[in-house]
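First comes the structure, then the notes that go with it.
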Amino acid sequence: MHTVCTGLAAGNEHREALTVRSRYLPSVRAAAAGLAALGLLASGCSDDPGGASGEKSPPASSPGGESGPNATASAAPAKGSVKVERTVTTRLKSPWGLAPLPGDGGLLVSQRDDGKIFRVDERTGKKTGVGTVPGVQASGEGGLLGIAVPPDNAKMVYAYLTTASDNRIVRMLYDPKKRPGDQLGAPDTILKGIPKGEIHNGGRIAFGPDKMLYAGTGESGQGGLAQDKKSLGGKILRMTPEGEPPGQGNPESGSVFYSYGHRNVQGLAWDDEKRLWASEFGQDTWDELNVVRPGKNYGWPEVEGRKDKAGFADPVAQWRTADASPSGLAIVKGSAWMAGLRGERLWRIPLKGTTKAAEPQAFLRGKYGRLRTVVADGGSHLWLMTSETDGRGGPKSGDDRILKLKVS
């Protein structure tokens, strides 16, 4: 188990305080990469009457051009579609994490503010209480955040949570045969000391194709932590299921640090070539979609968006913060699908290798409010979860809900 010291900060989804040190992360300070633009032509077919949004933002090129593997990579179609097949369940309270169980085992859902996990029957929508994660201290954007289930062990649930002193990752035995509300074992902390704050707690966790556990963290409102490799804040972390450095694949063999210079990562997904992608909140100017490579600096707090400067990783796509504020991320049918909170829409970004194949499209604009989490369901389907009851939405009867989408 790893340990770090942390502090507290305050603010909101797009603003800025804290310091942290850890023996698992070496130290570097670097300038970052910044700003230029990206075109957002949102058109295509959708189940809502308006279809995709027609608004545009300034254009930007994709990193890497058309050389190397991108030159021969197949491109996703320029235009796609979204159809809401059904509402799976309703009346969730501040839901955050969504983890499908193997087979027809259902969907696990974490609720940020009360620390509860429910299992949702994906066919009937029935909710069964799994348990309450002890130690959760919800405040601001913190609480019980992402959850994940190992691909080869449905009896274990991992959770990213905010406590009185830090953000941390725990794992718990899961036994659905026990009585409702008592199906979780005692939490085993595998990583602690991630800085906490009223804002920018990160929180997304996911198992990669390599069976390693990845975590997106925030800088808790103090931007300098993102550039400090001795801090767990503002990073993407990669670790074994036990919370240990993997020994290989990370920039340093004895560290869980994977990439840095992140403001607040809440979306992680892998494409068919096993490349990691991440969605990230900007502050006032640009939200980002990044392809993530080990050891790379993604720029915060020196810049938001593109800079085209050697040595720094630019986003593949960027959005004005009012149009996105991205949280969840999935990759299906060769496109990245990104859930927007403030933007209240689902973005489709067609990909060709590590570049955009065409301009992004916006779907479901304003129809379901704030969109928190999107998860692939194999083939051409997605699970999409709303976030209207998180204190920043305008909840309607039935909120929050999980939707089943068919996409192309």
Task: Side-chain (T189) to main-chain (L191) donor-acceptor, under 3.5 angstrom - done: no
TODO: Kindly indicate whether a cation-pi arrangement holds for R320 with W286, taking the cut-offs as under 6.0 Å to the six-membered ring centre and within 45° of the axis.
DONE: yes
- [ ] Considering non-hydrogen atoms only, spot the tightest contact between E219 and H262 and give its length.
- [x] CG-O, 3.9 Å
Tabulate below the donor-acceptor pairs under 3.5 Å that side-chain atoms of residues 144-153 make, not counting sequence neighbours, or state none.
residue	atom	partner	partner atom	Å
N153	OD1	K155	N	3.1

TODO: Scan R112, R392, Q266, H200 and name whichever one has a side chain to side chain donor-acceptor pair (under 3.5 Å) with E141.
DONE: R392
Open item on the list: Working to the nearest 0.5 angstrom, can you tell me the gap between R372 CZ and S325 OG?
Closed with: 10.0 Å
TODO: Side-chain contact test, heavy atoms from C-beta onward, threshold under 4.5 Å: evaluate it for L346 versus R365 and give yes or no.
DONE: no
Open item on the list: Let's go through Q283 and E304 carefully: what are the C-alpha distance in whole Å and the side-chain angles of both, what is the deciding distance for side-chain contact (heavy atoms from CB on, under 4.5 Å) to 0.1 Å, and is it a yes or a no?
Closed with: CA-CA 8 Å; Q283 179 168 282; E304 295 174 68; 3.6 Å; yes
- [ ] Hey, could you give me each pair passing salt bridge (Lys or Arg N to Asp or Glu O under 4.0 Å) that has a residue in residues 396-405? Not counting sequence neighbours.
- [x] D377-K404, D399-R401
Open item on the list: Closer than 3.5 angstrom, by distance alone: can the side chain of N201 be matched with the main-chain N or O of G197 as a donor-acceptor pair?
Closed with: yes
Open item on the list: Please check: side-chain N/O of T373 versus main-chain N/O of G328, any donor-acceptor pairing under 3.5 Å?
Closed with: no
Task: Donor on one side chain, acceptor on other, T354 and N70, under 3.5 Å - done: yes
Open item on the list: Run D166 and R168 through salt bridge (charged side-chain N to carboxylate O under 4.0 Å, His left out) and show every step you take.
Closed with: CA-CA 6 Å; D166 64 0; R168 61 183 59 186; 3.0 Å; yes
TODO: Could you walk me through whether I236 and V265 pass side-chain contact (heavy atoms from CB on, under 4.5 Å), step by step?
DONE: CA-CA 8 Å; I236 292 176; V265 173; 4.3 Å; yes
TODO: Apply the test salt bridge (charged side-chain N to carboxylate O under 4.0 Å, His left out) to residues D113 and K93: give CA-CA distance (whole Å), side-chain angles for both, the deciding distance (0.1 Å), then the verdict.
DONE: CA-CA 8 Å; D113 294 344; K93 298 178 181 179; over 6 Å; no
Open item on the list: Under the criterion side-chain contact (heavy atoms from CB on, under 4.5 Å), I'd like the reasoning laid out for R123 against D104: C-alpha separation, chi angles, the key distance, then a yes or no.
Closed with: CA-CA 9 Å; R123 295 177 299 265; D104 295 327; 3.3 Å; yes
Task: Which atom of A76 lies closest to which atom of G334, heavy atoms considered - done: CB-O, 3.3 Å
Task: Y368 side chain reached by E388 side chain, heavy atoms, under 4.5 Å - done: no
Open item on the list: Testing the 3.5 Å rule here: is there a donor-acceptor pair between the side chains of T162 and N167?
Closed with: yes
Open item on the list: D114: which residues meet the salt bridge (Lys or Arg N to Asp or Glu O under 4.0 Å) condition with it, sequence neighbours left out?
Closed with: none
Task: Close side-chain approach of K235 to F257, heavy-atom, < 4.5 Å - done: yes
Task: Charged N-O contact under 4.0 Å between R238 and D210 - done: yes
Open item on the list: With rounding to the nearest 0.5 angstrom, report the CG to OG distance, D272 to S74.
Closed with: 8.5 Å
Open item on the list: Under 3.5 Å, is there a donor on one side chain and an acceptor on the other for E288 and S279?
Closed with: no
TODO: Grab the two heavy atoms, one from A78 and one from P350, that are nearest each other, plus how far apart they are.
DONE: O-CG, 4.2 Å
TODO: Verify whether the ring centers belonging to F312 and Y298 lie closer than 6.0 Å.
DONE: no
- [ ] Please check if the side chain of Q111 supplies one atom and the backbone of P95 the other of a donor-acceptor pair under 3.5 Å.
- [x] no
Open item on the list: Counting C-beta onward and ignoring hydrogens, is there a side-chain heavy-atom pair between L351 and S335 closer than 4.5 Å?
Closed with: no
Task: L341 versus S327, closest heavy-atom pair with distance - done: CD1-CB, 3.9 Å
Open item on the list: Side chains of V332 and W337, heavy atoms from C-beta outward: is any pair under 4.5 Å?
Closed with: yes
Task: Any P241 side-chain heavy atom under 4.5 Å of L213 side chain - done: no
Open item on the list: Would the distance check show the side chain of N290 and the main-chain N or O of V316 forming a donor-acceptor pair, the cut-off being under 3.5 Å?
Closed with: no
Task: E85 (side chain) donor-acceptor with L405 (main chain) under 3.5 angstrom - done: no
Open item on the list: Within the structure provided, determine whether P301 and Q227 are in side-chain contact (heavy-atom separation under 4.5 Å).
Closed with: yes
Task: Approximate separation, where rounding is to 0.5 Å, of L232 CG and K192 NZ - done: 12.0 Å
Task: Over 12 foreign heavy atoms within 6.0 Å of CZ, R86 - done: yes
Open item on the list: Whether the side chain of E122 engages the backbone of V88 through a donor-acceptor N/O pair (distance < 3.5 Å, no angle test) should be reported.
Closed with: no
Open item on the list: Using a 3.5 Å distance criterion without hydrogens, assess whether the side chain of N250 forms a donor-acceptor pair with backbone atoms of S253.
Closed with: no
TODO: May I ask you to decide if G282's main-chain N or O and D287's side chain share a donor-acceptor pair within less than 3.5 Å?
DONE: yes
Task: Check against side-chain contact (heavy atoms from CB on, under 4.5 Å), Y160 and R204 - done: CA-CA 7 Å; Y160 185 115; R204 194 68 64 185; over 6 Å; no
Open item on the list: Tell me the closest heavy-atom pair linking V292 and S259, and the distance in Å.
Closed with: CG1-OG, 3.5 Å
Task: R345 side, atom CZ; L371 side, atom CG - distance, nearest 0.5 Å - done: 10.0 Å
Open item on the list: To the nearest 0.5 Å, what is the distance between OH on Y158 and CG on L108?
Closed with: 14.0 Å
Open item on the list: Going by the rule side chain to side chain donor-acceptor pair (under 3.5 Å), which residues pair with W277 if we only count those two or more places apart in sequence or in a different chain?
Closed with: D271
Task: Polar side chain donor-acceptor pair, T389 to S94, under 3.5 angstrom - done: no
Open item on the list: Checking the side chain of T163 only, and the main-chain atoms of S165 only, is there a donor and an acceptor separated by less than 3.5 Å?
Closed with: yes
Show me the donor-acceptor pairs within less than 3.5 Å that the side chains of residues 126-133 make with the rest of the protein, sequence neighbours left out.
residue	atom	partner	partner atom	Å
K127	NZ	T90	O	2.8

- [ ] Using a 4.5 Å cut-off on heavy atoms from C-beta on, say whether the side chain of L107 contacts that of L98.
- [x] yes
Task: Residues in side chain to side chain donor-acceptor pair (under 3.5 Å) contact with D188, at least two apart in sequence or another chain - done: R171
TODO: Classify the ring geometry between Y258 and Y214 as parallel (under 30°), tilted (30 to 60°) or perpendicular (over 60°).
DONE: perpendicular
Task: Nearest-0.5 Å distance, CG of residue L184 to CG of residue D175 - done: 10.0 Å
TODO: Can you see which heavy atom on I205 is nearest to which on A215, and at what distance?
DONE: CG2-CB, 3.8 Å
